Amino acid sequence: MNSNSRLRRLAALPAAALLLSLTACSGTAASNNSKPVVLTTFTVLADMAENVAGDHLQVESITKAGAEIHGYEPTPGDIRKASGADLILDNGMNLEAWFEQFTAGLDVPRVTVSDGIDPVDIAEDAYQGLPNPHAWMSPLNAQVYVDNMAEAFAELDPDNAEAFRSNAEGYKQELQAVQDELVTELGTLPEHQRALVTCEGAFSYLARDAGLRERYIWAVNAEQQATPQQIAAAIEFVRANRVPAVFCESTVSDAPMQQVVGATGAAFGGVLYVDSLSEEDGPVPTYLDLIRHDTRTIISALTATGAQ
């Protein structure tokens, strides 16, 4: 069942049943906590928001670690959780295809945290000309997200406005530090190895920051992925540029990229994280860990002994 049919099914529930589901106190985020509740659409935003909120707000993510965000199918439990929130944060830029319908019947303020970003447009496929939604993959852009969160939290909880802004400034210093690490470390790659080939086109902002050429199999995760033409184009790019290693993201199957590996002899360089953090005991429990992990995975694979 796709997201539209799932949401239509929810919308068709009898009014009394829907009201009961939305007001069941045992299922709402606000039921056991007196702090204002901030709900984010995915785990990366939740981690950023927690850094800004400190101890003053309760931050939760609609999607769990490992979830694919683009075509996520909200559940009745998600609606209950959202109905009990005081603020909902979304990425925007067409990332959450399900979000408008999800919030249509909710009387909860929402803020799009990518507002103010200078977008990189998608260059091909059905999404050509639309903004690439993965703006958080640049720590410079993430600082814009953080400023937007701090202002939204100050409006939500004015008594702690200064704490939110102070937390944001401290976190932005950490973001700048990881940005500097990214640029410095990826800047060590030789010119002929400065190509980043991934399943999804989720690295346009990181590639721009680090001066990498980007190639991907498909532009944005969707129900239909990896056509024969897309795989053939990736194979041609890898062969023509003698790309030593290729990658895929944690929330999608790497089977299409393994076809590229088999046809070119390039190494599979590893799993990169974009749309989701890992569990707490995993490799990327925070956004800062995510950027560092991806940077080091890319460098390690592209500079491995025997790289072309």
Side-chain angles (χ1 to χ4, degrees), residues 1-15 17-24 26-30 37-47 49 59-85 87-114 122 125-127 130-136 199-202 217-227 248-256 271 273-279 282 284:
M1 182 183 297
N2 64 30
S3 57
N4 287 340
S5 59
R6 172 72 67 87
L7 287 166
R8 283 196 297 269
R9 181 169 62 83
L10 293 175
L13 286 173
L18 182 58
L19 179 62
L20 178 63
S21 72
L22 293 179
T23 56
S26 62
T28 62
V37 175
V38 175
L39 195 62
T40 73
T41 50
F42 62 113
T43 54
V44 173
L45 296 188
D47 180 64
V59 178
E60 299 183 12
S61 172
I62 296 173
T63 58
K64 305 304 181 185
E68 203 291 302
I69 182 65
H70 299 269
Y72 179 72
E73 296 186 2
T75 67
D78 295 329
I79 295 179
R80 288 196 301 271
K81 183 182 291 187
S83 71
L87 175 67
I88 301 176
L89 304 180
D90 72 299
N91 182 81
M93 303 174 76
N94 306 306
L95 177 75
E96 305 97 337
W98 46 273
F99 189 70
E100 291 300 326
Q101 286 182 284
F102 176 71
T103 58
L106 299 176
D107 185 21
V108 179
R110 51 179 282 196
V111 169
T112 298
V113 293
S114 66
I122 297 170
D125 291 349
Y127 302 92
L130 295 175
N132 189 308
H134 305 90
W136 68 90
C199 287
E200 184 188 12
I217 299 179
W218 61 82
V220 177
N221 289 342
E223 291 183 6
Q224 300 298 322
Q225 296 173 350
T227 66
C248 202
E249 295 74 49
S250 66
T251 55
V252 297
S253 169
D254 68 2
V271 173
Y273 288 80
V274 179
D275 294 338
S276 175
L277 301 179
S278 66
E279 298 289 353
V284 295

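What you see is a predicted model; the values in this text were computed from it and never measured.
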Closest heavy-atom pair and its distance - C199, S253: SG-O, 4.2 Å
Under the side chain to side chain contact (heavy atoms under 4.5 Å, CB included) test, which residues partner A202, sequence neighbours left out? H134, E200, V274
Taking side chain as C-beta onward, heavy atoms only, is E96 less than 4.5 Å from F42? yes
Set of side chain to side chain contact (heavy atoms under 4.5 Å, CB included) partners for A46, sequence neighbours left out: T40, V59, S61
Rounded to the nearest 0.5 Å, the OH atom of Y72 sits from the NZ atom of K64 at a distance of 7.5 Å
Nearest heavy-atom approach of L277 to D47 is CD1-CB, 3.7 Å
Relative to the ring of F99, is the ring of F102 parallel (under 30°), tilted (30 to 60°) or perpendicular (over 60°)? tilted
Under the side chain to side chain contact (heavy atoms under 4.5 Å, CB included) test, which residues partner S250, sequence neighbours left out? V271, Y273
Measuring only between side-chain heavy atoms, which start at C-beta, is I62 closer than 4.5 Å to P74? no
Can you tell me how far apart OG1 (T227) and CH2 (W218) are? Round to the nearest 0.5 Å. 10.5 Å
List in chain and number order the residues that pass side chain to side chain contact (heavy atoms under 4.5 Å, CB included) with T251, two or more places apart in sequence or in another chain; answer none if no residue qualifies. E68, N221, D275, S276
Can you tell if the side chain of H70 reaches within under 4.5 Å of the side chain of L95, non-hydrogen atoms only? yes
Side-chain donor-acceptor distances from residues 105-113 under 3.5 Å, at least two apart:
{"from": "R110", "atom 1": "NH1", "to": "E100", "atom 2": "OE1", "distance (Å)": "3.3"}
{"from": "R110", "atom 1": "NH1", "to": "E100", "atom 2": "OE2", "distance (Å)": "3.3"}
{"from": "R110", "atom 1": "NH1", "to": "T103", "atom 2": "OG1", "distance (Å)": "3.4"}
{"from": "R110", "atom 1": "NH2", "to": "E100", "atom 2": "OE2", "distance (Å)": "3.0"}
{"from": "T112", "atom 1": "OG1", "to": "D90", "atom 2": "OD1", "distance (Å)": "3.0"}
{"from": "T112", "atom 1": "OG1", "to": "D90", "atom 2": "OD2", "distance (Å)": "3.4"}

